[in-house]
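Data first, discussion second: the structure below is written as structure tokens.
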2 protein chains.
Amino acid sequence: MSENPELMIVEHVLDAVADQRLQAGTKLGEQALCDLFSCNRAHVRRALATLAAHQVVDLIPNRGAFVATPSEAEARDVFQARRAIEATIIRNVVRNANATDLTALRAHLEEEDRVRSANDRSRAIRASRAFHMLLGRIGRNGVLEKYLSELTMRTSLIIGLYGSNRASLCDDDEHSRIVESIVNRDEATAQSMVDMHLRHIESEIDFNKERPRGGPLSVLIQPTVPE
Amino acid sequence: MSENPELMIVEHVLDAVADQRLQAGTKLGEQALCDLFSCNRAHVRRALATLAAHQVVDLIPNRGAFVATPSEAEARDVFQARRAIEATIIRNVVRNANATDLTALRAHLEEEDRVRSANDRSRAIRASRAFHMLLGRIGRNGVLEKYLSELTMRTSLIIGLYGSNRASLCDDDEHSRIVESIVNRDEATAQSMVDMHLRHIESEIDFNKERPRGGPLSVLIQPTVPE
DNA sequence: ATAACATAAATTGTTAACAATCTAAATAGA
DNA sequence: TCTATTTAGATTGTTAACAATTTATGTTAT
């Protein structure tokens, strides 16, 4: 646990949020983080400021830091923003994807298949997000990739809060059909498939079924599965 | 200069960058900021962490904080991201704009006219950005609005670095024609006008004409003109 | 005069101590 | 038994001091 402790904390919190190990509303106490990452409070505070800038953490004066709990309105904005951003990303992907990229996409689909049959929910969530992030990487626009990273994390919080049971993960079949249209260099189809895919995910959310928020912090240390 | 000094610093730096008062590469020394905002270094450091998270500041270990200097590749990504985001924003605007919003848009056009005839470059830059931010507000998607805010600031840095003389500000006529199509509820036209407008701005950039970077910090305190 | 080196100043990084605020527990009163 | 108040503990906010590193200055030798 050496290296820059500040980045360490940020990365681990983001990872835990993305994997839905850290629930919305969980308190991120300063001393607790100091202990977990064996560093001093100055590091923790700067890390929390960074996380707050990414909208993953709410900073409440004199109360502390909490994992953000997106409202219904915010959730709708996040999904619309994802449609806007991923529309351009998928266009870039269809245009730029080379043989290596296509191989990576196929490999990912196999991984998703494997994970699904293994019935490992945690890995499934991870893999679902990884697909979208893979598209982001192949799209070769660092700005959009970073925004997508933020938005997928906020999506994780939203699904954790309001998602129905099956809504938790992307439909593998939709992913594979997206890859298919990428292989075919069919821009229009790829774009509409991604748009529908995102609307599908959003549709399986029920804002009346708010779940209990807050949870343990220990999940932060869970070794990051190397994908 | 009371109130939360952290937000104070962030806001002032962002404002100065947006107005092109703060040049790319300018060093943001901790003690200098402490003096300017009469606070301690802990505040300054957290503010710099926040600014770094927004990609407006580069944090170099043991060297300090510097206003970011976007590369050519980053500049292209920023403009593509703007097209992606503002396309959705303008669609929202055409759909959502009510009478009050239209009045605000017309008032803004008049302000731009006034500023142009006054030949006040500083206010002109401010007004140009304000137009896009006004669209962002009327679009009523907080996520996209925030991203647009970040991207317009990075655009300011890019234009400050590589922009030709006239490229510094938006063409007022293009703005007024965008408003016209909003009034007409002509979604397709509005969208293509915004897209062309952004491409126009990008086209007036010359990456061979890199300008000297770095500058004074005193500009930070310049009283924020209330628009 | 220039380059390399040594020294001094300034800047960033780190840590600890103290103050202010909030949370929770315990006590007292209705 | 329940509510209100007080008290103790824990947590966040603030500040200062010290260490490590970098930058600037000045000296010496070629």
Side-chain angles (χ1 to χ4, degrees), chain A residues 1-13 22-54 56-69 212-221, chain B residues 1-13 22-54 56-69 212-221:
Chain A
M1 191 78 57
S2 55
E3 213 180 321
N4 189 351
E6 203 167 311
L7 273 177
M8 210 73 180
I9 297 172
V10 173
E11 292 288 327
H12 271 79
V13 170
L22 258 187
Q23 285 184 359
T26 302
K27 165 139 194 182
L28 301 171
E30 295 187 0
Q31 193 55 51
L33 290 172
C34 289
D35 298 344
L36 279 173
F37 296 91
S38 53
C39 61
N40 57 35
R41 282 176 58 210
H43 289 138
V44 167
R45 288 182 132 240
R46 291 220 324 183
L48 290 174
T50 301
L51 289 166
H54 289 315
V56 174
V57 157
D58 286 334
L59 242 43
I60 303 176
N62 290 322
R63 299 280 308 279
F66 302 84
V67 178
T69 66
R213 11 196 175 89
L217 245 181
S218 48
V219 293
L220 270 181
I221 293 303
Chain B
M1 191 78 60
S2 56
E3 211 179 324
N4 188 352
E6 204 168 311
L7 273 176
M8 211 71 179
I9 297 173
V10 172
E11 293 288 328
H12 273 76
V13 170
L22 257 187
Q23 286 184 356
T26 302
K27 165 137 194 182
L28 301 172
E30 295 186 1
Q31 193 55 51
L33 289 173
C34 289
D35 297 345
L36 279 172
F37 295 91
S38 54
C39 61
N40 56 35
R41 283 176 59 210
H43 288 138
V44 168
R45 289 184 132 241
R46 287 208 343 170
L48 290 175
T50 300
L51 288 165
H54 289 314
V56 173
V57 158
D58 286 334
L59 244 43
I60 303 176
N62 290 320
R63 299 279 309 278
F66 301 83
V67 178
T69 66
R213 11 195 174 91
L217 244 181
S218 49
V219 293
L220 270 182
I221 293 304

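Heavy atoms only: backbone and side chains are in, while hydrogens, waters and symmetry mates are out.
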Nearest heavy-atom approach of B:Ala32 to B:Leu217 is CB-CD1, 3.7 Å

Note: for A:Arg41 and B:Gly29 on DNA chain C, the residue whose nearest nucleotide lies more 5' is B:Gly29

Students should find this one: the first and last nucleotides of DNA chain D, 5' to 3', lying under 4.0 Å from a heavy atom of chain A. What are they? D:dT11 to D:dT14

Please test A:Ile60 against A:Phe66 for side-chain contact (heavy atoms from CB on, under 4.5 Å), starting from the C-alpha separation and ending with a verdict. CA-CA 8 Å; A:Ile60 303 176; A:Phe66 302 84; 3.9 Å; yes

When every non-hydrogen atom of A:Arg46 is compared with those of B:Ala49, the smallest separation belongs to O-CB, 4.2 Å

Answer with yes or no after comparing the ring centroid distance for B:His12 and B:Phe37 against a 6.0 Å cut-off, counting only values under it. yes

How far apart are the C-alpha atoms of A:Cys39 and A:Leu33, what are their side-chain angles, what is the distance that settles it, and do they pass the side-chain contact (heavy atoms from CB on, under 4.5 Å) test? CA-CA 8 Å; A:Cys39 61; A:Leu33 290 172; over 6 Å; no

Under 4.0 Å, heavy atom to any atom of DNA chain D: which of residues 59-68 of chain A qualify? A:Pro61, A:Asn62, A:Arg63, A:Gly64

Rounded to 10 degrees, the angle between the two terminal axes of the helix from C:dA1-D:dT30 to C:dA30-D:dT1, each from five pairs: 0°

Would you name the heavy atoms of A:Glu6 and A:His43 that are closest together and state the gap between them? CG-O, 4.0 Å

DNA chain D: 5'-proximal contact among B:Lys27 and B:Asn40 (nearest heavy atom): B:Asn40

Measure across A:Arg63 and A:Lys27 and return the closest heavy-atom pair with its distance rounded to 0.1 Å. O-NZ, 2.9 Å

Please find the pair of heavy atoms, one from B:Ala52 and one from B:Leu59, that lie closest to each other, and give the distance. CB-CD2, 4.0 Å

Mind listing the closest non-hydrogen atom pair of B:Glu30 and B:Leu48 along with its distance? CG-CD1, 4.4 Å

Would B:Val13 and B:Leu22 satisfy side-chain contact (heavy atoms from CB on, under 4.5 Å), going step by step from the backbone distance to the final call? CA-CA 8 Å; B:Val13 170; B:Leu22 257 187; 4.0 Å; yes

